[in-house]
Amino acid sequence: MKKNPLQYALRNGFAWVLSIIMFIPLLLILVNSFKDRVGANSMSMKLPKTLHWSNYATVIEEGKLVQSFFNSLFYTTASTVLGIALASIAAYIFARNTTKLNRFLYFFVIMGIAMPINFVTLTKVMQVTQLINTQLGIIVLLAVMSIPFSVFLIYGFVSSVPRELDEAGIVDGCPPFRLFYSIILPLLTPVIVTVGILNFMGSWNDFVLPLYYLNDTAKWPMTLAVYNFFGRFQVNWNLVSADIVLTTLPVIVIYLLGQRYIISGMTSGSVKG
């Protein structure tokens, strides 16, 4: 079936317009991050006459972003890996063993997508398990919060993988975990990358959980560092803009790398096909 050139052009044009509209706030912050204090107060799109790179040096030094950056990187990486490992195993079991109990457990798990968090109960649990104000506690919380949506996405992808592969692995003598990690998991790479990007972005941008359960400023991620920095320098929009740019840059890099990996995988797959 041939594509309508006009319809194709309208769709692409609409997509470009939406992309530009969503890119404007980031461009506004980027432009003002290179201005001086007076020039950034208006928060306009006017380009600066002189690039003030010292704004970034001030932000890194005064905002303690180096320490908070590595804290955020540690929390997001560890929670993303842990969440994907648990969610992929759970989704595989739910998809392959379609018993009434597993169906109930599957729907029970994905209910977490819509159910609100009871912070009073969660705080009690964190206190009893002595995970409050610890890095391990934040990693576990971020990983657990990502599991419902991750299971939902991976479950649908596992259902499309032929069961004959499982049977062939069992005939060859593969134990259950080796069967999953050696045969099934490599086939789940596209959805794993997608889930990884979403979980990384969600964990990196999370503000509430570290605010409630991290009292030590040395353990703060970048979201809390930005919040604290904004409270101290809220009149200096050039410094605030530079701080926001440094905070969002890792998320943008991870997103672009993940999209490039997915696109290259789809292209190589289509070529092989």
Side-chain angles (χ1 to χ4, degrees), residues 19-37 39-45 47-48 51-83 133 135 137-139 141-143 145-146 149 193-260:
S19 300
I20 292 173
I21 292 175
M22 298 180 67
F23 186 73
I24 287 176
L26 182 59
L27 182 60
L28 178 66
I29 295 297
L30 181 62
V31 169
N32 285 275
S33 68
F34 290 105
K35 296 180 180 179
D36 56 10
R37 176 180 175 180
N41 284 339
S42 61
M43 290 298 289
S44 65
M45 294 291 292
L47 297 177
L51 298 179
H52 293 269
W53 293 96
S54 59
N55 293 339
Y56 288 90
T58 303
V59 166
I60 293 174
E61 181 179 356
E62 296 292 335
K64 299 180 180 180
L65 288 191
V66 175
Q67 184 180 19
S68 61
F69 169 80
F70 284 106
N71 287 340
S72 289
L73 186 64
F74 176 59
Y75 299 151
T76 53
T77 303
S79 63
T80 299
V81 172
L82 178 61
N133 198 31
Q135 293 181 321
I138 291 297
I139 292 172
L141 283 178
L142 293 173
M145 296 300 177
S146 68
F149 188 66
V193 173
T194 302
V195 170
I197 293 174
L198 296 176
N199 290 352
F200 187 94
M201 294 172 62
S203 299
W204 186 276
N205 295 324
D206 193 275
F207 175 77
V208 176
L209 293 180
L211 179 64
Y212 285 174
Y213 303 112
L214 282 181
N215 301 323
D216 189 356
T217 57
K219 301 175 183 177
W220 278 3
M222 291 195 74
T223 49
L224 291 186
V226 171
Y227 176 74
N228 182 59
F229 186 87
F230 182 80
R232 294 168 54 196
F233 299 94
Q234 57 182 342
V235 295
N236 299 338
W237 284 102
N238 57 329
L239 299 181
V240 172
S241 298
D243 197 12
I244 295 175
V245 170
L246 291 176
T247 305
T248 56
L249 187 60
V251 178
I252 296 175
V253 171
I254 292 297
Y255 176 79
L256 293 177
L257 290 176
Q259 289 297 316
R260 181 181 178 184

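- The shortest side-chain heavy-atom distance between Leu27 and Met45 falls under the 4.5 Å cut-off.
- The neighbour count for Phe207 CZ, taken as heavy atoms of other residues, nucleotides or ligands under 6.0 Å away, is above 12.
- In terms of heavy-atom proximity, Val31 sits nearest to Pro48 at CG1-CD, 4.0 Å.
- To the nearest 0.5 Å, atom CD1 of residue Ile24 and atom CD1 of residue Ile29 are 13.0 Å apart.
- Between the CG atom of Leu73 and the OG atom of Ser203 there is a distance of 11.5 Å, given to the nearest 0.5 Å.
- When all heavy atoms are compared, the tightest approach of Val59 to Ala242 is CG2-CB, 3.9 Å.
- Of all heavy-atom pairs between Ser146 and Ala143, the closest is OG-O, 2.7 Å.
- In this structure, Trp220 and Gln67 have side chains that are not in contact, with every pair of non-hydrogen atoms separated by 4.5 Å or more.
- Using a distance-only test at 3.5 Å, with no hydrogens or angles considered, no donor-acceptor pair links the side chain of Asp243 to the main chain of Leu239.
- Atom CE of residue Met201 and atom OG1 of residue Thr248 lie 10.5 Å apart, to the nearest 0.5 angstrom.
- Under the 3.5 Å distance criterion, the side-chain polar atoms of Asn71 are matched with a main-chain donor or acceptor of Ala218.
- With hydrogens and angles left out, the side-chain atoms of Asn238 and Asn55 include a donor and acceptor closer than 3.5 Å.
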| Test log, rule side-chain contact (heavy atoms from CB on, under 4.5 Å), inputs Thr77 and Phe200 | CA-CA 7 Å; Thr77 303; Phe200 187 94; 4.2 Å; yes

| request: Start with the C-alpha gap between Leu26 and Phe23, add the side-chain angles, then the distance that decides, and say whether side-chain contact (heavy atoms from CB on, under 4.5 Å) holds. | output: CA-CA 5 Å; Leu26 182 59; Phe23 186 73; 4.1 Å; yes

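- Side-chain N or O atoms of Ser72 include none that pairs as donor or acceptor with a backbone N or O of Phe69 at under 3.5 Å.
- Side-chain contact between Met145 and Leu209 is present, with at least one heavy-atom pair separated by less than 4.5 Å.
- Taking OG of Ser33 as the reference point, atom CH2 of Trp237 lies at 13.5 Å (rounded to 0.5 Å).
- Ring-plane geometry between Tyr56 and Phe34 is classed as tilted, the angle between the planes lying from 30 to 60 degrees on a 0 to 90 degree scale.
- With Asp216 contributing its side chain and Asn133 its backbone, the two residues share no donor-acceptor pair below 3.5 Å.
- Counting only heavy atoms from C-beta outward, the side chains of Leu214 and Pro221 approach each other to under 4.5 Å.
- Atom CZ of Phe149 has 12 or fewer neighbouring heavy atoms from other residues, nucleotides or ligands inside a 6.0 Å radius.
- Two residues are said to be in side-chain contact when any heavy atoms from C-beta on lie closer than 4.5 Å; Tyr75 and Asp206 fail this criterion.
- Between Ser44 and Leu28, the closest heavy-atom pair is O-CD1, 3.6 Å.
- Asn41 has its side chain out of reach of Lys35: every pair of non-hydrogen atoms, C-beta onward, lies at least 4.5 Å apart.
- For the atom pair CD1 (Ile197) and CD1 (Ile254), the distance works out to 8.5 Å, reported to the nearest 0.5 Å.
- Pro250 approaches Leu246 most closely through the heavy-atom pair CD-O, 3.2 Å.
- The two residues Asn32 and Ser241 come nearest to each other via the heavy atoms CB-OG, 3.8 Å.
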